[in-house]
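Worksheet: the structure to be examined is printed underneath.
Remember, it's 1-based here, ligands and their atoms both numbered in the order they're listed.
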Amino acid sequence: MRKIELIVPPPEPHFVGDGFRVHNFIPGGFRLDMKRMDPFIMLDYNSKFYFPPSDKPRGVSVHPHRGFETVTVAYKGKVAHHDSSGGGGVIGEGDVQWMTAASGVLHKEYHEENFSKEGGDFQMVQLWVNLPAKYKMSKPKYQSISNADIPKVELPNEGGFIEVISGEHGGVKGIADTFSPVHMMNALLEKGSKTEFSFPAHFNTGLLVIEGAINVNGQEMAQADHFVLFENNDTDFTIQANEKSVVLVLSAEPLNEPIAAHGPFVMNTQREIFQAIDDYQKGKFGVLED
Ligand code: MN
């Protein structure tokens, strides 16, 4: 049985721009640093929060990324994004945006216009998944994944289902392409439903409880908005929903490469960070209006 290493309560929230009220679990949470969570180098969680109506969409203005992927998982509300290659899109409840920043993009992330006008509950996860050194300077790309396209594993006795975003579960392959082995899934469990997961022991593995409350391994309770970190001692663990629950399940093979991080740039060496800053200042990430 894979043991629980610790259960982390949500850190004090802060605002990213004026649209994302987030608890930073990685790398800010107790012991959840980039090396321990490799390749998950950042996890911001906007726990359910009501935004009142606004004529001007709230969000984060133009900023760069290089060297990793940003994965946005929407639970409540809608997010729109625009980038320097002319791309853009909207993701809503249950959708996922998997952006490979790689060699570099400029983008902005805002509440979708109609959602802003009406206001409402907003709940979202943004994860940064590090890229292997050999892919850090590859071409940027997007995978805009609508909920309907995410493969689902039904649980017995109408116990709910698992949405396989990436990796594999119960013989079902996830929809997102990844550059290293990354399992990412949402477990939507009815009250009382119990399910098992199995990932290689050396994969760094954790859970974020989005809704409800779960019992892990029949031993410990984890409430909504808490992060469960597992040890790397074994493969299997179980979760059982004490009430109707939603759980984000993460497990990935560590890259075990040097990490040089500076704000929105995550590379392998300090020299590559200076290069990223220089390229950004010289406009090599493209152009995007605020
Ligand atoms: Mn961004």
Side-chain angles (χ1 to χ4, degrees), residues 13-28 34 37 39-47 49 51 56-75 77-92 95-113 115-116 122-131 135-145 165-166 176 178-179 182 184 208 248 250 259-267 273 276-277 279-281 283-290:
H14 67 273
F15 266 86
V16 178
D18 63 0
F20 302 91
R21 179 188 177 269
V22 303
H23 309 277
N24 177 248
F25 279 96
I26 306 172
M34 290 186 182
M37 302 311 295
F40 302 113
I41 47 177
M42 207 282 302
L43 195 173
D44 266 350
Y45 172 48
N46 190 132
S47 58
F49 185 78
F51 283 93
K56 190 177 170 295
R58 299 179 177 91
V60 192
S61 61
V62 177
H63 60 279
H65 292 291
R66 173 182 280 182
F68 54 92
E69 304 184 279
T70 70
V71 182
T72 308
V73 185
Y75 294 97
K78 285 185 178 174
V79 182
H81 70 98
H82 297 277
D83 75 79
S84 47
S85 73
V90 174
I91 60 164
D95 301 338
V96 175
Q97 188 210 77
W98 198 299
M99 181 184 85
T100 306
S103 64
V105 295
L106 289 181
H107 77 160
K108 51 186 179 180
E109 297 156 280
Y110 281 95
H111 294 188
E112 186 267 340
E113 213 171 321
F115 173 80
S116 281
F122 191 83
Q123 188 176 22
M124 208 142 302
V125 164
Q126 187 167 96
L127 267 161
W128 291 4
V129 179
N130 206 2
L131 282 169
Y135 297 117
K136 279 185 178 290
M137 291 302 283
S138 61
K139 202 167 159 270
K141 69 165 184 172
Y142 284 99
Q143 301 176 72
S144 191
I145 301 165
I165 300 166
S166 75
T178 63
F179 289 81
V182 178
M184 189 179 300
L208 180 63
L248 177 65
L250 303 169
I259 298 171
H262 179 82
F265 309 124
V266 181
M267 303 301 288
I273 292 292
I277 294 168
D279 288 351
Y280 172 58
Q281 286 171 346
K284 290 184 182 172
F285 282 57
V287 182
L288 184 64
E289 296 289 312
D290 247 328

- prompt: Taking the six-membered ring for Trp, is the centroid-to-centroid distance between His63 and His107 below 6.0 Å?
  reply: yes
- prompt: Could you go step by step and tell me if Asn130 and Lys136 meet the side chain to side chain contact (heavy atoms under 4.5 Å, CB included) rule?
  reply: CA-CA 9 Å; Asn130 206 2; Lys136 279 185 178 290; 2.6 Å; yes
message: Working note: Glu69 + Thr100, criterion side chain to side chain donor-acceptor pair (under 3.5 Å); need CA distance, chi angles, decisive distance, verdict.
response: CA-CA 4 Å; Glu69 304 184 279; Thr100 306; 2.6 Å; yes
- prompt: Taking the side chain from Ser84 and the backbone from Phe285, do they hold a donor-acceptor pair closer than 3.5 Å?
  reply: yes
- prompt: Do the two ring centres, one from Phe51 and one from Phe115, sit under 6.0 Å apart?
  reply: no
- request: For Leu106 and Gly286, work out which heavy atoms get closest and say how close.
  value: CD1-O, 3.2 Å
- request: Tell me the protein N, O or S atoms under 2.8 Å from the Mn ion (ligand 1), in chain and number order.
  value: His63 NE2, His65 NE2, His107 NE2, Glu109 OE1
